[in-house]
Amino acid sequence: MRFIKNLKALPKNAKIYLLSISFFYVSMGAFSMLQGIYIKELNIDEGFLGLILSFKTFAIAFASIPCAMIVNKIGRKKGILLTMSIVPLLTILQGIIPNKYVILFLAVLQGASQGFLMVSEGPFLMDNSTSKNRIKLFSYSFADNVFSTMFGYFVFGELSNRLSNKVGLLIALKYSIIVCGFLGLISCIFILSIKNTKGSVKNHDNFFKDILILCKEPYPRKFIIYNLLIGFGAGLVVPYFNIYLRYKVHASTSDIGVIMSLAQCSMGLGGLITPYMAAKFGRIKTILICQSVSIPFLMLIALPPNIYIVACALLFRNGLMNMAGPVINSLSMELIEDSKRSTYSSLNSISNNLSRAFSAMLGGYIMKNLPFGYEIPYFITATIYLLSTIYFYKTFGSMEKTVIK
């Protein structure tokens, strides 16, 4: 198969990384699915859940610059290792300690720790790829992420459901969260075998100069604004998919695991198709097509409280909206010189996650306090996605011919 041949042709570091993130994202997928339901079963309302999710996302944003500075000093491999060791440990602690304020504190630390991976991954993939296999590596990394997350949804949704029949839902969720945390720690074993690559900049004065330079340059600035819009829309609905399915559609944890795993599967398949779409239509058109077609499916999620329609709509929405991610990431990395990539990644993380944090808090408030509060965020997000797609077309529509080689 062509896919297997392309995978074998990747550098050893890249293949080890793809293996390591499989375990990490199985753990993260399981936790993201179980966390909201676990918190609700602890009798914590949607408002405080929104606070936990938004504070965690704020932490990712505010930690991005110090994380990038640390990664520039210690190297991208160690930056990835920090995330893959600290985040699973904090997952385990959230399963052990049921106090909502402790969970809030641990979630903040977890978000901050994720910053190391967010500013390291793109530059690491650039270091370990060439112009010929770059989009493929970004796509494989994206597909690995979503398929592993899918596996985490499915297995731990089923595990928690089976356990709940014996020990009750709350205890089942607690044990499942602890187990998925230990599974995530396996990723560290593989990261340790990666050989160090280039890409370490130790002068922090240059780091802040790079921030000013990137903010002045047109394309980095425009990408950051675009990601801010997408982040705000996503924060209103994405963290609450499991809550919507559980408490609006009345799905079991097993059903939620299956639905969300299928939605992830559509994302993974989309990520594998993306390189071929980009080759045929061009990268800019691929992004515009995928995101435009996803908007009607997003609105369809909120219209009928029917589990089958919601599941199908979520599947198509996830696949279409996210399949352009590898193209956007590789494109933005190519437009920025190597020494500034970690800095750009931190700025991009700040814009995306700050907006997600505000909107996650807003989404929790709307769900708790407004009539039709579970549905309203989907229509707001659809409007924001439409505006962001128009902005992307107006901003980058002519770039395919003038900048991209």
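Just so you know, residue 1 is the first one in the sequence shown, and it goes up from there.
Using a 4.5 Å heavy-atom cutoff, the side chains of I295 and Q291 are not in contact. The closest side-chain heavy-atom distance from L42 to I103 is below 4.5 Å. Between Y244 and I301, some side-chain heavy-atom pair lies under the 4.5 Å cut-off. Between L173 and I37 there is a side-chain heavy-atom pair separated by less than 4.5 Å. Annotation: side chain of I284 is in contact with side chain of L288 (closest heavy-atom distance under 4.5 Å). The shortest distance between side-chain heavy atoms of L81 and C188 falls below 4.5 Å. Side chains of I243 and K40 form a contact here, defined as non-hydrogen atoms less than 4.5 Å apart. Under the 4.5 Å side-chain criterion, counting only non-hydrogen atoms from C-beta, L300 is in contact with I309.
The shortest heavy-atom contact between L18 and S141 is CD2-CA, 3.6 Å. When every heavy atom of I92 is checked against every heavy atom of I178, the shortest pair comes out as CG1-O, 3.7 Å. Heavy-atom minimum distance, L236 versus I384: CD1-CD1, 4.3 Å. The two atoms that bring F24 and P88 nearest to each other are CE1-CD, 4.2 Å, heavy atoms only. Of all the heavy atoms in T381 and A234, the pair that sits closest is CG2-N, 4.4 Å. Here the shortest heavy-atom pairing between L117 and T83 reads N-OG1, 2.9 Å.
Taking the six-membered ring where the residue is Trp, the centroids of F23 and F190 are separated by under 6.0 Å. For F223 and F396, the ring centers sit closer than 6.0 Å to each other.
Between the side chain of S266 and the backbone N or O of L315 there is at least one donor-acceptor pair closer than 3.5 Å. For the pair N161 (side chain) and G157 (backbone), a donor-acceptor distance under 3.5 Å is absent. A donor-acceptor pair under 3.5 Å is formed between the side chain of S20 and the backbone N or O of Y17. N13 places a side-chain N or O within donor-acceptor distance of the main-chain N or O of K195, the cut-off being under 3.5 Å. Judged purely by atom type and a 3.5 angstrom limit, N352 uses its side chain to pair as donor or acceptor with the backbone of N227. The backbone N or O of F232 lies less than 3.5 Å from a partner atom in the side chain of S355, making a donor-acceptor pair. In this structure, S254 contributes its side chain and E158 its backbone to no donor-acceptor pair below 3.5 Å. In this structure a side-chain-to-backbone donor-acceptor pair under 3.5 Å is present from S85 to L82. Checking side-chain atoms of S359 against main-chain N and O of R356 turns up a donor-acceptor pair under 3.5 Å.
When the side chain to side chain donor-acceptor pair (under 3.5 Å) test is applied to S22, the partners found at least two apart in sequence or on another chain are D144.
To the nearest 0.5 Å, atoms OH (Y365) and NZ (K368) are separated by 9.5 Å. Note that OG of S187 and CE of M84 are 5.0 Å apart. Values are rounded to the nearest 0.5 Å. Between N43 atom CG and L170 atom CG the span is 8.5 Å, to the nearest 0.5 Å. A distance of 11.0 Å separates CD1 of I230 from OG of S351, quoted to the nearest 0.5 Å. Interatomic distance, S176 OG to L159 CG, rounded to the nearest 0.5 Å: 4.0 Å. I307 CD1 to L314 CG: the interatomic distance, rounded to the nearest 0.5 Å, is 11.0 Å.
The 12-atom threshold is not exceeded at OH of Y175, counting heavy atoms of other residues, nucleotides or ligands nearer than 6.0 Å. F151 CZ: 12 or fewer foreign heavy atoms inside a 6.0 Å radius. The neighbour count for K78 NZ, taken as heavy atoms of other residues, nucleotides or ligands under 6.0 Å away, does not exceed 12. At most 12 non-hydrogen atoms from other residues, nucleotides or ligands lie less than 6.0 angstrom from OH of Y393. Within 6.0 Å of the CZ atom in F48, the count of heavy atoms belonging to other residues, nucleotides or ligands exceeds 12.
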(request) Would you please test F58 and L53 for side-chain contact (heavy atoms from CB on, under 4.5 Å) and show each step? (result) CA-CA 9 Å; F58 273 126; L53 295 173; over 6 Å; no

(message) One pair to check against side-chain contact (heavy atoms from CB on, under 4.5 Å): F156 and I177. What are the steps and the verdict?
(response) CA-CA 9 Å; F156 283 87; I177 287 171; over 6 Å; no

(request) Evaluate the salt bridge (Lys or Arg N to Asp or Glu O under 4.0 Å) criterion for residues E375 and K248: first the C-alpha distance (whole Å), next the side-chain angles of each, then the deciding distance (0.1 Å), finally the verdict. (result) CA-CA 9 Å; E375 292 87 358; K248 186 67 180 182; 2.9 Å; yes

(request) Evaluate side-chain contact (heavy atoms from CB on, under 4.5 Å) for Y374 paired with Y240, printing each intermediate quantity in order. (result) CA-CA 9 Å; Y374 276 65; Y240 300 106; over 6 Å; no

(message) The test is side-chain contact (heavy atoms from CB on, under 4.5 Å); show your working for C265 and F147 and say whether it passes.
(response) CA-CA 6 Å; C265 182; F147 280 125; 3.9 Å; yes

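A donor-acceptor pair shorter than 3.5 Å cannot be found between the side chains of R246 and N242. There is a side-chain donor-acceptor pair under 3.5 Å between Y385 and R317.
A cation-pi arrangement, defined by a distance under 6.0 Å to the six-membered ring centre and an angle within 45 degrees of its axis, is absent between K174 and Y38. Judged by the 6.0 Å distance and 45° axis criteria, K77 is not positioned over the aromatic ring of F124.
Using the six-membered ring where Trp is involved, Y378 and F241 have ring planes that are parallel, under 30° apart on the 30 and 60° scheme.
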Just list the side-chain donor-acceptor pairs under 3.5 Å for residues 108-116, sequence neighbours left out, or say none.
unit_1 : atom_1 : unit_2 : atom_2 : d
Q110   : OE1    : K56    : NZ     : 3.1
Q110   : OE1    : Q94    : NE2    : 3.1
Q110   : NE2    : V87    : O      : 3.3
Q110   : NE2    : T91    : OG1    : 2.8
S113   : OG     : L109   : O      : 2.9

Would you give me the side-chain donor-acceptor pairs under 3.5 Å for residues 25-35, sequence neighbours excluded?
unit_1 : atom_1 : unit_2 : atom_2 : d
S27    : OG     : C180   : O      : 2.7
S32    : OG     : M28    : O      : 3.3
S32    : OG     : G29    : O      : 2.9

